[in-house]
> 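One structure coming up, written as structure tokens, with questions to follow.
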Amino acid sequence: MQKQFLIQRMRGFVFIVMIANPFFLIAQSKVDKNVALHAEADTLLAREDYAGALVVLNKIIDKSKLTTDADYQVLYKRAFCYYGLEEFGDALRDVNRYIEKVPDDQGKLLRIYINQELENYDDLLKDLNEFIASNPGNPELLRWRASIFMESERYAEAQKDIRLLLAYQSSPELKAYLGLAYYYQENADSALVIFDEVIAENPEYFETYLYASSLALEQGANALALQYIEAGFKIDSTNLTLLFYKGVALVDDEKIDEGCRCLVKAFERGMDDAGDYLKGYCYGAD
């Protein structure tokens with residue numbers, strides 16, 4: 001009992017010495033300041049004040065010199081700040097340094113978003129393919145990759161992913177994207193076949209009328225374009241894009257007065273693209 005009592009007194013004495021020692025107080029003060037800086041940075045990040053958070057994170061990094069693995073979490077946060085500030089080159093630099101030290105999913109996911117903004121599609125797809133390999137059959141990941149293929153004009157690869165997705169789920173949006181992939185590969189006939197299937201199966205899916213009428217106009221099939229346009233107006237009678245397309249189709253068919261009236265309405269309601277047609281075909285139109 002006496003030994004235990006002495007140990008307890010000794011522990012109390014050591015604690016008193018520690019908190020009274022100026023070197024301990026300085027060290028403790030530094031810890032408290034560091035904790036406060038981390039808390040401040042997290043608060044600013046939560047408020048999406050990326051510029052403010054960046055200032056604080058730079059202070060933390062300058063002090064820590066990134067000497068421990070835990071310090072690299074700050075580097076990830078700074079990469080996120082740069083991303084939020086649309087400073088994508090700096091964001092990529094930081095997230096690459098982070099992943100070299102801590103190759104986790106959160107870092108790779110952020111790097112995908114950064115590379116998408118920078119249009120570094122090959123690097124983006126390396127990371128995204130890793131996620132897909134780890135989660136085979138995940139429809140959201142496949143949809144994301146299909147959208148990247150479309151964005152990077154790799155339409156044949158997009159078609160493969162879209163067909164895989166359609167095997168999992170029926171979706172007018174996905175099927176219309178399949179038609180768009182044919183459209184962008186200048187296979188108009190296949191694209192129109194798919195657009196017609198989407199319209200037959202899901203007549204309320206409005207975007208298909210835009211895709212189909214645009215394709216028909218490009219092919220010079222104005223009568224067919226007008227059919228899609230009028231069908232689209234039954235879903236959305238005020239759509240400016242369809243009104244613009246109608247004006248173009250009518251003007252191309254030399255129905256100048258009627259076409260120019262459509263173009264004037266579209267332009268007055270905010271469709272700036274109609275202005276060029278008005279200058280070219282409708283000068284002096286009411």
Side-chain angles (χ1 to χ4, degrees), residues 88 92 105 108-236 239 241-242 244-245 248-249 273:
F88 302 119
L92 183 61
D105 285 351
K108 291 177 182 178
L109 186 63
L110 178 57
R111 186 163 66 180
I112 288 174
Y113 283 116
I114 295 167
N115 277 323
Q116 186 168 4
E117 294 293 341
L118 292 169
E119 298 183 1
N120 295 335
Y121 295 116
D122 288 340
D123 291 337
L124 181 163
L125 286 165
K126 287 178 185 176
D127 284 331
L128 185 53
N129 286 336
E130 281 188 26
F131 280 105
I132 291 172
S134 301
N135 301 272
N138 183 303
E140 295 307 316
L141 291 175
L142 285 174
R143 183 186 288 266
W144 192 3
R145 188 171 68 180
S147 72
I148 296 300
F149 283 141
M150 291 290 285
E151 187 177 322
S152 59
E153 300 182 2
R154 297 163 69 163
Y155 302 120
E157 291 168 285
Q159 284 174 312
K160 291 179 182 178
D161 277 352
I162 292 169
R163 291 189 183 281
L164 278 174
L165 284 163
L166 287 169
Y168 289 114
Q169 59 189 86
S170 176
S171 165
E173 178 187 11
L174 281 172
K175 194 163 185 179
Y177 271 22
L178 184 62
L180 279 176
Y182 280 114
Y183 180 5
Y184 295 144
Q185 292 177 94
E186 300 182 359
N187 188 340
D189 290 341
S190 295
L192 284 174
V193 166
I194 291 175
F195 291 150
D196 286 340
E197 288 176 357
V198 175
I199 289 170
E201 295 164 3
N202 300 95
E204 76 288 348
Y205 184 66
F206 177 74
E207 280 74 6
T208 317
Y209 301 102
L210 297 176
Y211 303 152
S213 56
S214 176
L215 188 157
L217 283 173
E218 285 192 9
Q219 297 297 307
N222 294 325
L224 180 60
L226 286 167
Q227 289 179 24
Y228 289 123
I229 289 164
E230 294 303 330
F233 276 139
K234 293 178 182 177
I235 309 299
D236 182 357
N239 186 270
T241 302
L242 285 183
F244 169 58
Y245 286 171
V248 171
D273 289 344

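These numbers come from a predicted model, not from an experiment.
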> Got R143 and E173 here, is their nearest side-chain heavy-atom distance under 4.5 Å?
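Yes; the side chains approach each other to less than 4.5 Å.
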> Determine the minimum heavy-atom distance between E204 and I235, stating which atoms define it.
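It is O-CG2, 4.0 Å.
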> Between CG of L215 and OH of Y184, what distance do you get to the nearest 0.5 Å?
10.0 Å
> Could you tell me the separation between the CG atom of L166 and the OH atom of Y177, rounded to the nearest 0.5 Å?
13.0 Å
> Got I114 and E117 here, is their nearest side-chain heavy-atom distance under 4.5 Å?
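I114 vs E117: side chains apart.
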> Where do L92 and N120 land on the side-chain contact (heavy atoms from CB on, under 4.5 Å) test, with the steps shown first?
CA-CA 11 Å; L92 183 61; N120 295 335; 4.0 Å; yes
> Nearest 0.5 Å please: distance from the CD1 atom of I132 over to the CZ atom of R145.
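CZ of R145 is found 3.5 Å from CD1 of I132.
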> At their closest point, which heavy atom of A158 faces which heavy atom of A146, and how far apart are they?
CB-O, 3.9 Å
> Can you find a pair of side-chain heavy atoms, one from L242 and one from F206, that are under 4.5 Å apart?
yes
> Before giving the answer on ring-ring contact (aromatic ring centres under 6.0 Å, His included), spell out for Y209 and Y228 the whole-Å C-alpha distance, their side-chain angles and the decisive distance to 0.1 Å.
CA-CA 6 Å; Y209 301 102; Y228 289 123; 7.4 Å; no
> Could you state the interatomic distance from CG (L210) to OH (Y245), rounded to the nearest 0.5 Å?
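Interatomic distance, L210 CG to Y245 OH, rounded to 0.5 Å: 6.0 Å.
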> Drop me the distance from S170's OG to L165's CG, to the nearest 0.5 angstrom.
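Reported value, rounded in 0.5 Å steps: 12.0 Å.
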> Between Q169 and P139, what is the shortest heavy-atom contact and its length?
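Shortest heavy-atom separation between Q169 and P139 comes out as OE1-CB, 3.7 Å.
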> Does the side chain of N115 reach to within under 4.5 Å of the side chain of F88, using non-hydrogen atoms?
no
> Salt bridge check: are D122 and R154 linked by an N-O gap of less than 4.0 Å?
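Yes.
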> Give the intermediate values and the outcome of side-chain contact (heavy atoms from CB on, under 4.5 Å) for residues D196 and T208.
CA-CA 8 Å; D196 286 340; T208 317; over 6 Å; no
> Pair E201, K175 - check salt bridge (Lys or Arg N to Asp or Glu O under 4.0 Å), show working.
CA-CA 11 Å; E201 295 164 3; K175 194 163 185 179; 3.2 Å; yes
> Under 3.5 Å, is there a donor-acceptor pair between the side chain of Q185 and the main chain of A181?
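Checking the backbone N and O of A181 against the side chain of Q185, a donor-acceptor pair under 3.5 Å is found.
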> Of L124, D123, D127, which meets side-chain contact (heavy atoms from CB on, under 4.5 Å) against R111?
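For R111, the side-chain contact (heavy atoms from CB on, under 4.5 Å) check succeeds only for D127.
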> Please give me the minimum heavy-atom distance between L217 and A249, naming the atom from each residue.
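Heavy-atom minimum between the residues: CD2-CB, 3.7 Å.
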> Rounded to the nearest 0.5 Å, what's the gap from CD on Q227 to CD1 on I199? Could you check?
10.5 Å
> Is the number of heavy atoms from other residues, nucleotides or ligands under 6.0 Å of K108 NZ greater than 12?
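Yes, the 6.0 Å shell around NZ holds more than 12 heavy atoms from other groups.
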> Quick check: closest heavy atoms across N239 and F233, and the distance to 0.1 Å?
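Minimum heavy-atom contact is O-CE2, 3.9 Å.
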> Check the orientation of F195 and Y211. Use parallel for under 30°, tilted for 30 to 60°, and perpendicular for over 60°.
tilted
> Grab the two heavy atoms, one from Y183 and one from S214, that are nearest each other, plus how far apart they are.
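Smallest interatomic distance, heavy atoms only, reads OH-OG, 3.1 Å.
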> Is there side-chain contact between Y182 and Q159, with heavy atoms separated by less than 4.5 Å?
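They are in contact (side-chain heavy atoms under 4.5 Å apart), so the answer is yes.
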> Any donor and acceptor pair, going by atom type alone, linking the side chain of N187 with main-chain N or O of S190 inside 3.5 Å?
yes
> Would the distance check show the side chain of N138 and the main-chain N or O of L141 forming a donor-acceptor pair, the cut-off being under 3.5 Å?
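Between the backbone of L141 and the side chain of N138 there is a qualifying donor-acceptor contact (under 3.5 Å).
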